[in-house]
Q: 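Dropping the structure in here first, questions after.
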2 protein chains.
Amino acid sequence: MVELEQLDAFAKLSEESRTLLSQGGITRACAPATAVLNKGDAISGAYLVLQGQLRVYTLAPNGTEATLYFINPGETCVLALNCLFNDLRYPAWVQAEEATEVVVIPGPLYRTLFRFEPSIQELTVSALSVAVFRLMGELEQLHSQRHRQRLANFFLLHASSDGVLRMTQQRLGNHLGTTREVIARLIGEFSAEALITTGRGVIRLRNIEGLREVACQSAP
Amino acid sequence: MVELEQLDAFAKLSEESRTLLSQGGITRACAPATAVLNKGDAISGAYLVLQGQLRVYTLAPNGTEATLYFINPGETCVLALNCLFNDLRYPAWVQAEEATEVVVIPGPLYRTLFRFEPSIQELTVSALSVAVFRLMGELEQLHSQRHRQRLANFFLLHASSDGVLRMTQQRLGNHLGTTREVIARLIGEFSAEALITTGRGVIRLRNIEGLREVACQSAP
DNA sequence: GTGGATATGTAACAAAAGATACGTGTCGTC
DNA sequence: GACGACACGTATCTTTTGTTACATATCCAC
């Protein structure tokens, strides 16, 4: 588990700020699959993930979800930063993927730190930058790729190093913003092409190169 | 036309920084419809739009464009900021929509200003924040709305106050990330429903309320 | 006004994605 | 081992979007 004290940005802080942070930060544990934030929530502070993974997603009126991005240990939630700096309500939903521990740094404290600590400025700007890049990449993909490509991509990105991905088709659909049936169809194709094998709640990648080809092939 | 001196952030700078900026900023005029930046370009500084409008878009392998966002006077290009702070190549294309004037603030100068001037920190963070919000909105729309809704939305957002939008169907297609034919089809529908009337290179909104309904109706 | 460039209308078809409706398989638990 | 909850497979149908292929219309320059 990552401790607050181990984070890069923390190490560079002044003694005073470090004390402020240690005393002012509120640690919050989130069980897997529980809601952390909902659309419209007021944001009390900056969210810093220590352990686990948060998933930020949208929920369309018809009920289909779509993952916007993940927040990994050491990263902060940019949408929360946004809300802090611009006094807005939270514009999406957040869920804990695994058992997750987050530190909430109260807004006033964060603003103070931002004002005086270069390393916090750095952290803020770079978190926002990364988010812009990720979102833009998503947007570009969504415009130019079919589900087939995006699914192959998802497999390659999220499988563990031994080529195994533990995830149900329903959840895959939620990530890509489509339905289980569509995922099943595509998985059927991939299976037939011997790119993967499947089990209950698990995908095993069998032909990484082939999947890469699918993920990269340009539109017709 | 907006002068550098009239911008909010500029007014709050120290005398010294103001001099630096006036001397270090490079003004660049861009004719309408010309390329300002291409994917892969190295970025020499922060881009600040004084006049006109820049359009940031992606170009899929099959040639279809899709607008990511617009940069209006007084705004900066966040992707350029990204590239500056993270030393990356530019990840998209930029085009001048109208006759546009931009100030390029060289990277080293901008970094210095960012380090010492709260108003520049503010500007940077808020530019990034706004971008994150816009991109997220786009992403959400793209997941949950059909072309029909998105087009109605585009009409409402981009028509002048008297309900006129001067834009060809080809360009509408480029913005929404689809082809002219699809736009023509939808425009045909809207026309038949008396929501709009059309001319060569111009759309006239006839029933704003009706369009709003189309734009807001939730998925089936 | 003629010609070329540009913009639009539209029909017909193909492909992708979404919706509906079941049947089947697998797991844990009682 | 019987049950229910959950996960998966699949077939069919509809809607939406993308493609192809022309015909027509408008504008500008000469």
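These numbers were taken from a predicted model, which means no experiment stands behind them. So you know, we letter chains A, B, ... as the sequences are listed, proteins then strands, and number each from 1.
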Q: Which one, D:dT12, D:dG9, C:dA21, comes nearest to the side chain of A:Q169?
A: D:dG9
Q: Give the rounded distance in Å between these two atoms: CG of B:N174 and C1' of C:dT6.
A: 15 Å
Q: Return the 5'-most residue of the pair A:A184, A:R200 with respect to DNA chain D, ranking by each residue's nearest nucleotide.
A: A:R200
Q: Just call it for B:T179: base, sugar-phosphate, or nothing, with non-hydrogen atoms closer than 4.0 Å on any strand.
A: base
Q: For A:Q145 and D:dT17, what is the distance between atoms CD and C1' respectively, to the nearest whole Å?
A: 17 Å
Q: Is the closest basic N to carboxylate O distance between A:R134 and A:E75 below 4.0 Å?
A: yes
Q: Between B:L151 (CG) and D:dT17 (P), how many Å, whole number?
A: 11 Å
Q: State whether A:E101 and A:R28 are salt-bridged, where the test is any N-O pair (Lys NZ or Arg NE/NH1/NH2 against Asp/Glu carboxylate O) under 4.0 Å.
A: no
Q: For B:G173, answer base if it contacts any base atom (sugar-phosphate contacts may also be present), sugar-phosphate if it contacts only those atoms, and nothing otherwise; contact means non-hydrogen atoms under 4.0 Å.
A: nothing
Q: Can you tell which of C:dA21, D:dT19, C:dA17 lies closest to the side chain of A:R180?
A: C:dA21
Q: Round to the nearest Å and state the distance from B:M167 atom CE to C:dA7 atom C1'.
A: 15 Å
Q: Can you tell me if the side-chain N/O atoms of B:T178 get under 4.0 Å from OP1 or OP2 in D:dG18?
A: yes
Q: Got a donor-acceptor pair under 3.5 Å from the side chain of B:R146 to the base of D:dT16?
A: no
Q: Can a side chain N or O of A:S191 be found less than 4.0 Å away from OP1 or OP2 on D:dC8?
A: no
Q: Measure CD/B:Q170 against P/D:dT26 and give the value in whole Å, please.
A: 20 Å
Q: May I have the distance from A:I183 (atom CD1) to D:dT10 (atom P), rounded to whole angstrom?
A: 16 Å
Q: Using a strict cut-off of less than 4.0 Å between a Lys/Arg side-chain nitrogen and an Asp/Glu carboxylate oxygen, indicate whether B:E98 and B:R55 qualify as a salt bridge.
A: no
Q: Using a cut-off of 4.0 Å on non-hydrogen atoms, how would the nucleic acid contact of A:R185 be classed: base, sugar-phosphate, or nothing?
A: base
Q: In whole angstroms, how far is the C1' atom of D:dG18 from the CG atom of B:L176?
A: 15 Å
Q: Under 4.0 Å between a Lys/Arg side-chain N and an Asp/Glu carboxylate O for B:E97 and B:R171?
A: yes
Q: Reading DNA chain C from 5' onward, which residue's closest nucleotide shows up sooner: B:H143 or B:E181?
A: B:E181
Q: Identify which nucleotide among C:dA12, C:dG18, C:dT8 has an atom closest to any side-chain atom of A:H147, counting heavy atoms from C-beta outward.
A: C:dG18
Q: Indicate yes or no: does B:R146 engage B:E189 in a salt bridge with an N to O separation below 4.0 Å.
A: no
Q: If I take atom CG in residue B:L186 and atom P in nucleotide C:dT8, what distance separates them, rounded to the nearest angstrom?
A: 14 Å
